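Some notes on the structure that comes next.
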Amino acid sequence: MEDRCDFFAYESCDLCGECLASCRYLDLEVWEAREEMNRLQKGEPTRVVHRRCISCYACDAFCPRDCHPYELIIKSWHLRYRERGLPVRASYLMPASRPNFRTDLVRSMNPHEKELLRRWRETPPEGEIVLFPGCNALALPHLLDASFLEGVVISGDFDHCCGEMYFRMGLFDVVKQVADRLTEYYRGRFIGTMLFVCPAGLNMFRNVLPKLFGAEFPFRMRYLGEYLWEKVERGELVLAKKLSRRVAVHDSCHGRILGEEVQETARRLYAAMGLDLVELTTDPKGGLCCGMAAGCNRYRPEDMYRAAVRELREAARTGADELAVYCGGCQLTLSLMRWLYPTRQPVRHLLEYLKEATGDPAYHPAPRRALRILANVTVKALPKMLSRRTYRIRM
Ligand code: SF4
Ligand code: SF4
């Protein structure tokens, strides 16, 4: 296989250090950030980055020259995987494993949700407007069971993984296989526009898979929130009920990379529903991670817990009624960590707010589903914590 691991724009980088100096997890002065970048570029061991990086992806957004410092950091994880494989304790969390922490949730879903998943699995991805649910919405199918999505063809299954998790762990060889599989799957299909509910799926399909891994997709791609906002502006989606609550706004990693298209659109929708927004940071690129990505470096659940608690604490300090997210992965992760670090703020998804504002029945399964993940991970993954065995992902 062609060796794909160097995605950093060495020739554009002027070693300004802004990427790592802006990182809220490394805590570096600019001169230290420059030194670390220098070491990274030379392939030398870093003093801080590989110890403290939680794979939040924000350094790509911080770089003013679009050099992709994040891909330089995770390159060493790619080399680590090539050399040693993955520890078996990570296998239950991998999308290619059956079962995994998401597919195991299906058994606890109600019959209507199971029927939705069956329908989306069997519906071919063809039509003027098609929606890619992605694994987070497949774990929370009620998000897309909305009257305002009538007429949209929803097509997808756990097998059509966008590869986001593999990319975040630096498993570039596996991401290349994902790119090839999805290229083959969508080849020759008629799809006008593909909508993505999850910013991660959109960023993978639009940027990562084609630009870094050679995928080809014959359709236009849009964030679902933007599509819905246009409907609101045209008066086709009426937000009849005003939601008079204060919500702290959490951004997702891919939301920060995609910028206004996702971050601004989500905020416009929240505000249009009457929600009073409380920002957690003054810089839209500088928000904290939900904790999901923090397991990518050392594969340790305590890293995920610490990262999530940091965000839960920041949100709690605002005194807002709820914590608003637009990524299903953030909702599940933060809801799960609230069982371990209880706060008074339920974690609500943008689409749950939209359903409430448009009069759809309220249904909030994320906390119970997160508890189910916690129980399953405890039984199926934690016993492997001390194992030194490793394995390689087979697609
Ligand atoms: S990925 Fe996130 S934690 Fe890691 S260096 Fe970049 S900004 Fe910091
Ligand atoms: S990657 Fe970008 S932000 Fe980081 S040192 Fe290079 S030019 Fe500066």
Side-chain angles (χ1 to χ4, degrees), residues 5-80 164-172 175 199-200 203-204 207-208 212 250-259 263 280-300 302-311 314 327 329-330 333:
C5 67
D6 254 329
F7 303 122
F8 182 69
Y10 292 88
E11 64 293 344
S12 304
C13 175
D14 63 359
L15 282 176
C16 68
E18 205 170 318
C19 49
L20 302 186
S22 308
C23 168
R24 294 180 66 187
Y25 298 94
L26 300 185
D27 201 17
L28 294 177
E29 300 291 338
V30 172
W31 67 269
E32 294 172 297
R34 285 190 186 137
E35 281 191 8
E36 287 287 82
M37 275 309 288
N38 203 13
R39 289 188 196 100
L40 276 166
Q41 292 191 33
K42 289 182 183 160
E44 294 173 0
T46 57
R47 297 220 169 107
V48 174
V49 173
H50 284 121
R51 218 160 15 95
R52 294 201 209 136
C53 173
I54 65 142
S55 193
C56 78
Y57 206 168
C59 40
D60 267 16
F62 295 139
C63 173
R65 295 171 166 252
D66 200 24
C67 294
H68 296 255
Y70 176 71
E71 282 82 340
L72 186 61
I73 294 169
I74 62 175
K75 176 183 163 186
S76 66
W77 302 345
H78 155 75
L79 298 174
R80 176 179 68 184
E164 193 270 346
M165 222 162 149
Y166 303 129
F167 175 63
R168 302 298 294 282
M169 298 173 80
L171 312 186
F172 296 153
V175 184
N203 190 39
M204 289 301 291
N207 296 318
V208 177
L212 307 186
H250 170 85
D251 281 302
S252 79
C253 326
H254 292 270
R256 279 189 285 277
I257 295 294
L258 293 166
Q263 293 180 294
L280 293 170
T281 164
T282 47
D283 176 4
K285 297 173 192 160
L288 294 173
C289 173
C290 69
M292 173 78 99
C296 295
N297 185 351
R298 304 189 300 170
Y299 318 125
R300 291 196 187 158
E302 65 267 32
D303 292 344
M304 298 169 74
Y305 172 78
R306 268 195 292 271
V309 166
R310 202 169 151 185
E311 178 64 334
E314 287 222 349
C327 162
C330 296
T333 308

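Order of appearance sets the numbers: ligands from 1, and atoms from 1 within every ligand. Quick caveat: nothing in here was measured; it's all calculated off a predicted structure. What you see below is based on every heavy atom in this structure, not just the backbone, and it leaves out hydrogens, waters and symmetry mates.
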Tell me the protein heavy atom at minimum distance from [atom], and give that distance in Å.
{"atom": "atom 3 (S) of ligand 1", "result": "I54 N, 3.4 Å"}
{"atom": "atom 4 (Fe) of ligand 1", "result": "C53 SG, 2.4 Å"}
{"atom": "atom 6 (Fe) of ligand 1", "result": "C59 SG, 2.4 Å"}
{"atom": "atom 2 (Fe) of ligand 1", "result": "C56 SG, 2.4 Å"}
{"atom": "atom 5 (S) of ligand 1", "result": "I73 CD1, 3.6 Å"}

Is E35 salt-bridged to R39, going by a charged N under 4.0 Å from an acidic O?
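A salt bridge is present here (some side-chain N lies under 4.0 Å from a carboxylate O).
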
If the threshold is 4.0 Å, N to carboxylate O, is there a salt bridge linking E36 and R52?
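No, E36 and R52 are not salt-bridged.
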
For F8, atoms of ligand 2 separated by under 4.0 Å from a heavy atom
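Under 4.0 Å from F8, ligand 2 has these atoms: 1 (S).
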
Per-atom contacts of ligand 2 with G17, taking only distances under 4.0 Å to non-hydrogen atoms:
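Within the 4.0 Å cut-off of G17, ligand 2 contributes 5 (S), 8 (Fe).
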
Proximal atoms of ligand 1 relative to L26 (non-hydrogen, under 4.0 Å):
5 (S)

Y70 heavy atoms, cut-off 4.0 Å: which ligand 1 atoms fall inside?
1 (S)

With a cut-off of 6.0 Å (strictly less than), are more than 12 heavy atoms of other residues, nucleotides or ligands near CG of N207?
yes

Identify the heavy atoms of [X] and [Y] that sit nearest to each other, and give their distance.
{"X": "T333", "Y": "G329", "result": "OG1-O, 2.7 Å"}
{"X": "M292", "Y": "M304", "result": "O-CE, 3.7 Å"}
{"X": "A61", "Y": "R256", "result": "CB-O, 4.1 Å"}
{"X": "K285", "Y": "A58", "result": "O-CB, 4.0 Å"}

C53 backbone acceptor or donor facing N297 side chain under 3.5 Å:
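Judged by distance alone, yes, a pair lies under 3.5 Å.
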
Please tell me whether H78 and F172 form a close aromatic pair, meaning their ring centres lie under 6.0 Å apart.
yes

Applying a 4.0 Å heavy-atom criterion (strictly less than), which segment of Y57 is in contact with ligand 1: side chain, backbone, both, or neither?
backbone

Separation between CZ (F8) and CG (D60), nearest 0.5 Å, reads 9.5 Å

When you measure from atom 8 (Fe) of ligand 1 to the N, O or S atoms of C23, does any of those distances fall below 2.8 Å?
yes

Under 3.5 Å side-chain donor-acceptor pair for R168 and Y70:
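A donor-acceptor contact under 3.5 Å links the two side chains.
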
Just to be sure I understand the site: which N, O or S atoms from the protein are less than 2.8 Å away from atom 2 (Fe) of ligand 2?
C63 SG

